[in-house]
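These numbers were taken from a predicted model, which means no experiment stands behind them. Residue numbers start from 1 in every chain, and the chains themselves are labelled A, B, ... in the order their sequence lines are given, proteins ahead of strands.
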2 protein chains.
Amino acid sequence: MHANAKQKVIPLIPPGLKLACSQCNLRELCLPLGLSEGDMGRLDNLIGGGRKLKRGHHLYRAGDPFESIFAVKTGFFKTDVLTEDGRDQVTGFQMAGEILGMDGISTELHTCNAVALEDSEVCLIPFADLEALSSEIRSLQHHLHKVLSREIVRDHGVMMLLGTMRAEERLAAFLLNLSQRFGARGYSPADFNLRMTREEIGSYLGLKLETVSRTFSHFQDEGLISVQQKHIRIMNIPRLKSLLAPADGRIR
Amino acid sequence: MHANAKQKVIPLIPPGLKLACSQCNLRELCLPLGLSEGDMGRLDNLIGGGRKLKRGHHLYRAGDPFESIFAVKTGFFKTDVLTEDGRDQVTGFQMAGEILGMDGISTELHTCNAVALEDSEVCLIPFADLEALSSEIRSLQHHLHKVLSREIVRDHGVMMLLGTMRAEERLAAFLLNLSQRFGARGYSPADFNLRMTREEIGSYLGLKLETVSRTFSHFQDEGLISVQQKHIRIMNIPRLKSLLAPADGRIR
DNA sequence: GTACCCCTTTGATCTGTGTCAACCCAACCA
DNA sequence: TGGTTGGGTTGACACAGATCAAAGGGGTAC
């Protein structure tokens, strides 16, 4: 049975009750990583409670004034940028413990849209307060910088993917990345439900939805995965990985 | 001979001579932006002098321990990531006033290579010191965050380019971006020399060098630019811009 | 419970860009 | 000064992925 097959995220937190970082089981993945007990308490104090979003609703939109960053508590998001001329690029998918909204720091305006792909909950972290606290807590400051830097490194990975990989390689990399992130959160790394459509995957990977669909089918024919709509089961992780390490000749 | 075949980093700066941020004509583009006189003096103190690099030499390499970020004082750099399996992706080109090395914060190791594409000089900014000072100077802290965030936003732009644009559009966007950055530095926005090869442009834009070359020729035939080897003159900026705003039908 | 709509799959065809190859040019070095 | 070499241009051809089209299925909303 797939671990996270039908996860309806039911907001379990009674109104007024706020789950503190110090109690949160994501603290090893999230912002408080590496903080002492006491410091974590101070972080708890500035985090402005949770915010729940129904599937399809925007956490923020491009152009909104930037005030906070967000930590995903439960659920699943996508971020995308769209330009005047109608281009639309999905820039990432975020799951529990990941931070959203850091693009807004530079201009004081959000530069992309963040949409919940399932019912979700986030922690709201007022950025001015976070800066204030991080100037007092050096380990928090340093960790914040790491989180920002990690986002840059992640983006470089996406550039590599978009700049150098073929459709099969992109999809394999995408599945393996999801697999690894689900695994890190205690879910099955081999059996999960996609939260996004083929079109959203395609936008993220620089492919058309038909190509995404065909490539999934092709992987299935090869016995690498099994796909039924949004449900993915990875049958052969090593072989999927081997798709990313082309034989020596095949350097594009 | 490969430019970067035999790179040795030779620190060439005459000992004792150091251009302070407060004197630097890049201060409005660079890290000290928005600092008071006094605070800028404190920043001067931590900046570890300059470092000169000959063309083709590495400022740092993937895997090097991360200690500093760098501000380009003069010259021109590229950054690239390469993977075990031989993929090579140029992730950016940096010119005066731009910051290099922020990818290294996350893992304490540099994750990409930075190579001087012409004889260049950088300021060395020890990151631990910068963190220490920025926890005392709020405006510096905030500006550092903006610089990190701006890099994220820039990367999103590259993703958009790689994910949604055709070759012509990519090249047009590339030229216009260079143009704008040269302009911001007081150089001609319409007349400049490329510092990188067609292959490096191609790697950055996710194209083969032949496609880059052909597209340049095509732009020239259309009267949009004139190209002679590395020298570019943009003849018609508005029409070049119009290539980026496809007619309504042409939404990919 | 049912109807509708969006998502997905699959096929046929087209095309932009990659690939392979040959040649040219300019810069650099001996 | 002439030879060498890396970078650039251009052509012919191939192919991965886009486009256009049609049909089926599952989830959602009512």
Ring pair (Phe, Tyr, Trp, His ring centres under 6.0 Å) partners of B/Tyr60, counting only residues at least two apart: B/Phe70, B/His110
Mind checking B/Gly206 for me? I need base, sugar-phosphate or nothing, with any heavy atom below 4.0 Å counting as a touch. sugar-phosphate
Could you check how far CG of B/Asp221 sits from P of D/dT9, rounded to whole Å? 12 Å
Mind calculating the distance between CD1 (B/Ile225) and C1' (D/dT9) to the nearest angstrom? 14 Å
As a check of understanding: the bend across the helix from C/dG1-D/dC30 to C/dA30-D/dT1, end axes from five pairs, rounded to 10 degrees, works out to 60°
At less than 4.0 Å, is any side-chain N or O atom of A/Arg55 found next to OP1 or OP2 of D/dT28? Yes or no. yes
Provide, to the nearest angstrom, the distance between the NZ atom belonging to A/Lys208 and the P atom belonging to D/dA21. 15 Å
Output yes when A/Arg185 and A/Glu98 qualify as a salt bridge under the 4.0 Å nitrogen-oxygen rule, no when they do not. yes
Can you check the B/His231 NE2 to C/dC25 C1' distance for me, whole Å? 18 Å
Sequence neighbours excluded, which residues qualify as salt bridge (charged side-chain N to carboxylate O under 4.0 Å, His left out) partners of B/Arg233? B/Asp191
With sequence neighbours excluded, residues passing side-chain hydrogen bond (donor to acceptor under 3.5 Å, both in side chains) with B/Ser188: none
Output one line per pair: protein atom, nucleotide atom from nucleotides 5-12 of chain C, and distance, for all N/O pairs under 3.5 Å.
residue: C/dC7; atom: O3'; partner: A/Lys230; partner atom: NZ; Å: 3.4
residue: C/dT8; atom: OP1; partner: A/Lys230; partner atom: NZ; Å: 2.6
residue: C/dT8; atom: OP2; partner: A/Arg198; partner atom: N; Å: 2.6
residue: C/dT9; atom: OP1; partner: A/Arg198; partner atom: NH2; Å: 3.1
residue: C/dT9; atom: OP2; partner: A/Arg198; partner atom: NE; Å: 2.8
residue: C/dT9; atom: OP2; partner: A/Arg198; partner atom: NH2; Å: 3.4
residue: C/dT9; atom: OP2; partner: A/Ser213; partner atom: OG; Å: 2.7
residue: C/dT9; atom: O5'; partner: A/Ser213; partner atom: OG; Å: 3.2
residue: C/dT10; atom: OP2; partner: A/Ser217; partner atom: OG; Å: 2.6
residue: C/dG11; atom: N7; partner: A/Arg214; partner atom: NH1; Å: 2.9
residue: C/dG11; atom: O6; partner: A/Arg214; partner atom: NH2; Å: 3.1
residue: C/dA12; atom: N6; partner: A/Arg214; partner atom: NH2; Å: 3.3

The complete set of side-chain hydrogen bond (donor to acceptor under 3.5 Å, both in side chains) pairs with one or both residues in residues 219-228 of chain B, sequence neighbours excluded, reads none
A/Tyr204 and A/Phe93: aromatic ring centres closer than 6.0 Å? yes
What integer distance in Å separates B/Leu207:CG from D/dA16:P? 18 Å
Given atom CZ of A/Arg170 and atom P of D/dA16, what is their separation to the nearest angstrom? 14 Å
Return the set of residues passing salt bridge (charged side-chain N to carboxylate O under 4.0 Å, His left out) with A/Arg61 (not counting sequence neighbours), or none when no residue passes. none
Please state how far atom CG in B/Leu194 lies from atom C1' in D/dG7, giving the value in whole angstrom units. 13 Å
Residues which pass salt bridge (charged side-chain N to carboxylate O under 4.0 Å, His left out) with A/Arg214, listed by chain and number, not counting sequence neighbours: none
For A/Asp88, enumerate each residue passing the salt bridge (charged side-chain N to carboxylate O under 4.0 Å, His left out) test, keeping only those at least two apart in sequence or located in another chain. none
Atom CD of B/Glu169 to atom C1' of C/dT17: distance rounded to whole Å? 14 Å
